[in-house]
Amino acid sequence: MITEDKKKQLDLENKKITNNIHKIKHRIVVFSGKGGVGKTTVSVNLAYGLHIHGYKTGILDADITGPDIPKMTGIQGELHSDGNKIIAQESHGVKVVSMANILPPDQAVIWRGPLRSKMLNQFLGDVEWGNLDYLVADLPPGTGDEILTMTQNMKPDMAIIVTTPQELSLIDSARAISMAKKMEIPKIALIENMSGLICPKCGHRIELFGIGGGKKQAEEMNISFLGAIPINLEARKLADEGKPVILENEEADISVTIFHIVKEIENMFNENTKASMS
Ligand SMILES: Nc1ncnc2c1ncn2[C@@H]1O[C@H](COP(=O)(O)OP(=O)(O)OP(=O)(O)O)[C@@H](O)[C@H]1O
Ligand SMILES: [Mg+2]
């Protein structure tokens, strides 16, 4: 049973979150049923794609036990607070907050769901995000506690589900789509990642995980399809070096697709003009 004191504390926490995220125009959660399908890759490059298009953007690393955003954006050092609010770190103009910048490197986070959710609430309520156009949250795989907390408390206006074209991933992404529908997220869209690989030597296309399953699933489940991102070896190498491919090589096939996805998102939000840079 929930005590009166606990209820007051929860109300206060919710109010704080509501006031803080009120300044963020669009909130996007990126999740998937299956792990390792490219959520973090999509979150990072999408955030930088939006930034390049002139939007004030932040990334919230909502993967508390496997926080990969700092590794992929090259952010180092510790998160600081000004005594009142947590100050988001910044990498190439995009604000970032991650558990990885709170704990010493290599330290495992062995926390049960409620504690992980508490941390996420702090990321939502206590971080000085400022007036952002877009906040992209990179979630852990599955449909567990973190996804519930983020979809309830961040109040996203868009959910992006990432899948590979492989049957195994599609079965799990169907669950993630159902969850997004149950949580009544206003816009739900699918991205197919790892959608074919062009051999850099001979130009032949290798369909490593198959192709086209994402588009078909989006049609069947009546959600938007944002695009099919190819496997790109340079992107993988750059990610390991903390450099988002979209910043390093705008012409790469993967970057071109992500810019196309950014345009689709702009259209979905009717953002016909570039964001104000004020
Ligand atoms: N389109 C792509 N081309 C090349 N490499 C990719 C692509 N997408 C993802 N990768 C690589 O695949 C690996 C897994 O990707 P990523 O970490 O983004 O997946 P994830 O869904 O966030 O994983 P987790 O479920 O563990 O959080 C990473 O090494 C990443 O660099
Ligand atoms: Mg990840």
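Positions are given from 1, in the same order as the sequence printed here. Remember, it's 1-based here, ligands and their atoms both numbered in the order they're listed.
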Under 2.8 Å from the Mg ion (ligand 2), which protein N, O or S atoms do you find? Ignore water molecules.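 The answer, once waters are left aside, is T40 OG1.
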Using the salt bridge (Lys or Arg N to Asp or Glu O under 4.0 Å) definition, which of the options K118, K85, K16 pairs with D126? K16
Between S255 and N249, is there a donor-acceptor pair closer than 3.5 Å when you use the side chain of the first and the backbone of the second? yes
Do I185 and V29 have side chains that approach each other closer than 4.5 Å (heavy atoms only, starting at C-beta)? yes
Does the side chain of L197 come within less than 4.5 Å of L233's, by heavy atoms?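 A side-chain contact exists here, since the closest heavy-atom pair is under 4.5 Å.
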Using a cut-off of 6.0 Å, state whether more than 12 heavy atoms not belonging to [X] lie near its atom [atom1].
X    : atom1 : result
K23  : NZ    : yes
Q76  : CD    : no
D240 : CG    : yes
K181 : NZ    : yes

Proximity of F259 and H53 rings by center, below 6.0 Å: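 Close enough - the centres of the two rings lie under 6.0 Å apart.
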For ligand 1, find each of its N or O atoms that sits under 3.5 Å from a protein N or O atom, and tabulate the pairs with distances to one decimal place.
from: ligand 1; atom 1: 1 (N); to: N193; atom 2: OD1; distance (Å): 3.0
from: ligand 1; atom 1: 1 (N); to: P230; atom 2: O; distance (Å): 2.9
from: ligand 1; atom 1: 3 (N); to: N232; atom 2: N; distance (Å): 2.9
from: ligand 1; atom 1: 8 (N); to: N193; atom 2: ND2; distance (Å): 2.9
from: ligand 1; atom 1: 18 (O); to: T40; atom 2: N; distance (Å): 3.4
from: ligand 1; atom 1: 18 (O); to: T41; atom 2: N; distance (Å): 2.9
from: ligand 1; atom 1: 18 (O); to: T41; atom 2: OG1; distance (Å): 2.6
from: ligand 1; atom 1: 19 (O); to: G38; atom 2: N; distance (Å): 3.0
from: ligand 1; atom 1: 21 (O); to: G36; atom 2: N; distance (Å): 3.4
from: ligand 1; atom 1: 21 (O); to: V37; atom 2: N; distance (Å): 3.1
from: ligand 1; atom 1: 21 (O); to: G38; atom 2: N; distance (Å): 2.9
from: ligand 1; atom 1: 21 (O); to: K39; atom 2: N; distance (Å): 2.9
from: ligand 1; atom 1: 21 (O); to: K39; atom 2: NZ; distance (Å): 2.7
from: ligand 1; atom 1: 22 (O); to: K39; atom 2: N; distance (Å): 3.4
from: ligand 1; atom 1: 22 (O); to: T40; atom 2: N; distance (Å): 2.9
from: ligand 1; atom 1: 22 (O); to: T40; atom 2: OG1; distance (Å): 2.8
from: ligand 1; atom 1: 23 (O); to: G36; atom 2: N; distance (Å): 3.2
from: ligand 1; atom 1: 25 (O); to: G36; atom 2: N; distance (Å): 2.8
from: ligand 1; atom 1: 25 (O); to: K39; atom 2: NZ; distance (Å): 2.7

